Structures are given as C-alpha cells and as structure tokens.
Amino acid sequence: MASFVFIAIILFSLVVAFSAMRGHNTSDLKEYLVASRQFGGPLLFFLAVGEIYSIGTMIGFPGGIYAKGPTYGIWFLGYILLGYPLGYFLNPLIWRAGQLYNALTLPDLFKGHFNSRALELTVTITAIIFMIPWGQLQFTGLIVALHGLGWNLNPLALSLIAAVLAFAYIAASGIRAPAMVSIIKDILLVLALVATGVAAASAGGLSHIFQAASQHVHSQMNPTEERFSMSTIFFQSLGFYLFPFAIPNLFTARSEQTIRKAQIFMPLYMLMYPFLVVAAYFSLGQNLHLASPNQAFMAAAVALLPHWLLGMVAAGAALSGLVVLAGISLAMGPLISRNLLGHLPETRQRSGAQIAIVIYLALSIFFTLVTPSLMLTLVNTAYFGITQFFPGVIAILFLRRINPYAIIAGILVADVMAIAMVVGKVNLDGWNIGFVCLIVNIVIVAVGSLISRRVESPVPVIYARLSGALQKG
C-alpha cells in the first residue's frame with residue numbers, strides 16, 4: 001500500500017511538471033531558466049521555500065539531532081532565522097542587479113557589474129565545485145526515503161531513478177516545473193512532519209520521549225560547541241541566498257516588492273521543526289540501532305504510521321529532494337553552457353545546459369556512493385565555498401572602487417584554505433572553518449582594493465534606478 005501511494009503521488013507530480021509548459025515558449029532561454037521574470041508572490045514563495053526546506057530538513061536535521069544531540073541542531077535553526085531578515089533587505093537588490101545586467105545566473109551578475117571574464121570564471125568554477133555536496137545531500141536523502149518504503153534496491157539503482165525523475169521535471173518545462181511541483185511538495189512535507197511528530201508524541205508522551213532520549217545525548221553546550229554554533233549561524237546566514245540555484249529563483253520575480261512580500265511569510269515554515277525534534281528523539285529513545293543517523297526520521301515514520309500514510313511521508317521526502325535536485329540541475333546547466341563555455345550562442349545554451357545537467361547528476365551520484373556522509377556535514381561543506389561570494393555580492397550592491405582581481409584573490413585563497421583544512425582535519429577550537437576563511441577573504445578584498453591602482457567604479461546597484469519597463473518587467 002505504501003509503495004502504491006508513493007508511486008501515485010510521484011506520477012501526479014510528473015503530470016503537473018509537464019503541464020507547466022502549457023502556454024509558454026520554453027525554447028526561449030529566459031523563459032526556460034527564469035520564467036521570463038513573471039512569477040507573482042505565491043509562486044515565488046513556493047519556489048523559494050521549496051529550495052530552502054528540502055530533504056536536508058526532513059531527513060538531515062533529525063539525523064544530526066540523532067547523531068550529535070540537540071546542541072548540533074541549534075545552528076541549523078539559527079542560520080535560517082538570521083538568513084530571512086538578511087534576505088528581506090538584500091534579495092530585492094539582487095533582483096534589481098539581475099534586471100540591470102540581464103542576468104540569468106550568479107556569475108552573470110559579477111560579469112555584468114565588473115566586466116571581468118576572469119571573475120566570471122572564478123565564480124562559475126567555485127559554484128560548480130561546491131554544488132556537488134548539495135547534490136550529494138539530495139541523493140543521500142532520497143536513498144534513505146526509498147529504503148524507508150522497503151525498496152532495498154542497490155543505492156546506484158535508487159540514485160539513477162532519482163536522477164531520471166529530476167531531469168524529467170525540468171527537461172520540458174524549465175523552472176516552471178519545480179515551482180509547480182513545490183506546491184505539492186510543501187503540502188506533503190508539512191503533513192508528513194506533523195503526522196510523524198504527533199504520532200511519536202502520542203506513542204509515549206512527550207515527557208517520556210525526552211527523558212528516554214536524554215540518556216543518549218547531552219543537552220548543554222561546552223565552549224567549543226558554542227563557538228561552532230555561533231560562528232556557523234553567522235557564516236551560513238550570509239550565504240543562505242547565494243547558492244547558484246537560489247539566485248535564479250529571485251530572478252523569476254516580477255518586481256522587488258514581490259520578493260519582499262514572499263520573504264515576510266517564509267519564517268512560518270519554522271513551525272515544523274518541533275515535530276522533527278520529537279521524531280528524532282523518539283528514534284533515540286527507542287534505541288533503534290540505525291545503520292545511519294540519516295535514517296532517524298524515516299525509522300520513526302516506519303515504526304509509527306499506517307502503510308498508506310507512510311507512502312505519503314516517503315513521497316513528501318522524495319519530492320523535497322527531487323524539487324531541489326531539479327533546481328540545482330537547472331542552475332548547473334547554464335553555469336557550464338553559458339558561463340564556463342562563454343562562446344556558445346544563446347540558441348545552443350539550452351541543449352548545452354541539458355548535457356551539463358546529465359554530467360552533474362552523474363558526478364553527484366558518484367560522490368554519494370563513494371563518500372557517504374552525515375547530511376548536515378554536506379550542508380556545512382557546501383557553505384564553505386558558496387558563502388565566499390558574499391564580499392563580491394556586497395560590492396555589487398553597495399560599494400565603489402572594489403578591484404575585481406581582489407575579489408578573485410579573496411575567493412580563491414578562501415576556497416583553498418577551506419579545502420586544505422577539511423582534508424587536513426584542522427581543528428580551529430570550534431570555529432567554523434568557512435567563517436575563518438571568510439574573514440581572510442574580506443581582508444584580501446579590502447586591502448587589495450585599497451593598494452591597487454584606481455579602478456573604474458561601476459555604480460553600486462543600490463544607487464541604480466530601473467526604467468519603468470524594467471521595473472514592471
């Protein structure tokens with residue numbers, strides 16, 4: 001029964017995805033990637049939230065609680081909460097920059113503002129490298145969700161099924177497919193989390209669940225954990241909206257005001273986290289001896305829910321991963337066909353993007369199978385590189401006389417430092433590696449711009465004004 005419900009929901013989502021192309025010319029690159037910049041508030045809301053509350057929320061967060069205790073989850077909640085107000089003020093300006101420079105990708109912003117091919121390539125290559133862990137995150141969660149259904153297939157087979165579905169969502173309809181499927185996904189996600197959390201609380205009572213779990217984890221932070229949590233919250237909130245798939249989502253909006261309205265309601269989704277904590281604590285208290293901490297949420301669902309509801313929960317988890325995987329793929333394609341291979345004519349960029357998407361999905365599957373990790377570790381790894389774009393974005397929006405070569409140096413030095421410290425297992429006494437690298441990045445950009453020759457100063461986006469046609473656009 002669970003498998004029947006799951007398959008029915010997935011098939012319905014495919015119908016919705018393919019119907020999203022109706023009435024739209026998806027052969028046009030701007031339509032395919034950013035829906036001709038015509039999304040209103042509700043559709044932008046579901047698209048943006050769909051990318052934020054992914055399978056990393058549903059599977060990864062309870063897994064982190066199960067493995068490391070409640071203190072490990074504080075940063076996960078904190079950086080999202082801090083990211084929202086930052087997004088309210090910064091995202092409308094990023095949208096304005098997209099209009100000014102006719103940008104479809106994050107590297108387009110850097111190229112358009114600084115007129116630097118070298119900077120465009122630096123941002124592109126960095127984005128490609130650090131998006132692979134985010135793809136791993138989705139595949140890891142999808143494998144866990146499908147195993148929860150009792151599909152004990154080879155992980156390679158499960159990953160290939162997920163990749164085909166993600167590619168199918170975007171092959172015909174572009175960005176409109178993830179936006180429409182996100183509506184289904186969000187409804188299922190909320191129902192699944194509430195159902196599992198309520199069932200866990202009803203099974204033995206909240207006090208019993210927390211008391212039983214307290215025997216397995218500690219609930220107080222030591223100074224090292226405090227430093228990690230605080231530095232991670234601050235660091236990851238700065239990169240929250242800088243992912244290559246998040247920026248094009250902003251470009252789909254009709255106006256700056258559309259983005260502000262959508263941002264206001266996004267924190268409401270944080271109400272789902274108590275249900276995730278209860279589910280994770282239930283698995284801890286039951287001492288289920290999971291093969292991986294990532295299985296904590298699905299193990300609670302399997303133990304507590306009837307088969308038909310389990311199928312719905314698994315479908316919600318799967319769509320949470322597939323929507324994000326489709327969004328990542330849609331962003332990754334033009335990064336390669338448009339920004340990395342800049343000589344491709346626009347008429348060939350869509351076909352080139354689809355080839356690049358297949359390659360990206362294959363690489364993500366490979367690293368998922370070869371280097372399995374705790375899902376929250378993958379979240380951290382992706383942010384190490386993505387947040388290093390923050391000084392450059394701030395320069396585009398607010399600052400004058402910032403040397404593009406200083407931005408290049410800052411990104412490259414920070415990325416190399418982060419990778420070296422991860423590989424060398426360097427311990428910074430709790431400080432987030434990416435946070436320390438970001439400080440180095442900012443110093444390089446500031447000093448490099450001060451000591452360099454006077455550079456031509458593009459007008460910061462905050463001072464730029466759009467024409468009436470663009471503002472309505």
Side-chain angles (χ1 to χ4, degrees), residues 13-14 16-18 20-21 26 29-35 37 39 43-58 60 87 91 94 98 103-107 127-128 130-142 162-186 189 239-253 259 262 266 269 316-338 350 353-354 356-358 360-361 363-364 378-379 382 386:
S13 73
L14 285 170
V16 171
F18 278 90
M21 67 183 292
T26 54
L29 191 65
K30 186 181 292 186
E31 169 62 33
Y32 186 71
L33 296 178
V34 296
R37 309 185 195 276
F39 279 178
L43 205 52
L44 174 66
F45 172 83
F46 281 109
L47 177 63
V49 166
E51 304 285 7
I52 294 170
Y53 298 102
S54 68
I55 205 161
T57 298
M58 191 172 185
N91 288 349
I94 293 174
L104 301 180
T105 66
L106 175 63
I128 291 171
F130 284 94
M131 281 310 297
I132 289 178
W134 211 258
Q136 285 181 260
L137 175 69
Q138 312 312 316
F139 279 115
T140 300
L142 285 163
V164 169
L165 288 171
F167 186 81
Y169 283 139
I170 60 175
S173 305
I175 192 67
R176 292 185 183 274
M180 297 302 296
V181 175
S182 287
I183 299 173
I184 305 170
K185 165 255 174 188
D186 282 357
L189 179 67
F240 191 50
Y241 286 105
L242 298 185
F243 278 81
F245 57 82
I247 295 295
N249 290 346
L250 298 178
F251 294 160
T252 64
I259 293 175
M266 288 183 186
Y269 273 66
L319 287 180
S320 297
L322 290 171
V323 165
V324 176
L325 197 56
I328 297 171
S329 300
L330 197 61
M332 189 63 64
L335 284 177
I336 296 174
S337 67
R338 179 182 178 87
R350 175 177 166 172
Q354 290 181 338
I357 288 168
V358 173
Y360 169 73
L361 290 172
L363 284 173
S364 295
L378 294 172
V379 171
I386 299 301

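Note that the structure is predicted; figures quoted are calculated from it, not measured.
With no hydrogens or angles considered, a side-chain donor-acceptor pair links S13 and Y169 at under 3.5 Å.
Shortest non-hydrogen contact noted between A162 and L325 is O-CD2, 4.3 Å. The minimum heavy-atom distance linking P248 with V34 is given by the pair O-CG1, 3.8 Å. Scanning all heavy atoms of the two residues, the minimum distance from A35 to I175 falls at N-CG2, 3.4 Å. Residues P178 and V323 share a closest heavy-atom pair of O-CG1, 4.1 Å. Annotation for I386 and G239: closest pair CG2-O, 4.2 Å, computed over non-hydrogen atoms. Closest approach of L44 and A262 over heavy atoms only: CD2-CB, 4.1 Å.
Going from atom NZ of K30 over to atom OG1 of T252 covers 13.0 Å, rounded to the nearest 0.5 Å. Annotation: the span from S329 atom OG to Q138 atom CD amounts to 9.5 Å, rounded to 0.5 Å. Expressed to the nearest 0.5 Å, how far CG of L322 lies from CZ of F167 amounts to 14.0 Å. From T140, atom OG1 reaches atom CG of L142 across 9.0 Å, with rounding to the nearest 0.5 Å. Atoms CG and CG, from L330 and L335 in turn, are 10.5 Å apart once rounded to the nearest 0.5 Å. To the nearest 0.5 Å, the span separating CE on M131 from CD1 on I328 amounts to 4.0 Å.
Contact of the P244 side chain with the T105 side chain is not registered, since no non-hydrogen atoms from C-beta on lie closer than 4.5 Å.
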key: Verdict with reasoning, K185 to F46, per side-chain contact (heavy atoms from CB on, under 4.5 Å)   = CA-CA 9 Å; K185 165 255 174 188; F46 281 109; over 6 Å; no

request  = Run the numbers on F243 and L106 for side-chain contact (heavy atoms from CB on, under 4.5 Å), then give the verdict.
outcome  = CA-CA 8 Å; F243 278 81; L106 175 63; over 6 Å; no

request  = Output, in order, the C-alpha distance, side-chain angles, deciding distance and verdict of side-chain contact (heavy atoms from CB on, under 4.5 Å) for M180 and L43.
outcome  = CA-CA 8 Å; M180 297 302 296; L43 205 52; 3.9 Å; yes

task = Would you sort out whether F45 and Y269 count as a ring pair (Phe, Tyr, Trp, His ring centres under 6.0 Å), showing the intermediate values?
result = CA-CA 11 Å; F45 172 83; Y269 273 66; 5.7 Å; yes

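With N91 as the partner, the side chain to side chain contact (heavy atoms under 4.5 Å, CB included) test is satisfied by one option alone out of N249, I247, I259: I259. Checking each of L319, L47, L14 against V181 for a side chain to side chain contact (heavy atoms under 4.5 Å, CB included) leaves exactly one that passes, namely L319.
Take Y360 and apply the ring-ring contact (aromatic ring centres under 6.0 Å, His included) test, not counting sequence neighbours, and it matches no residue.
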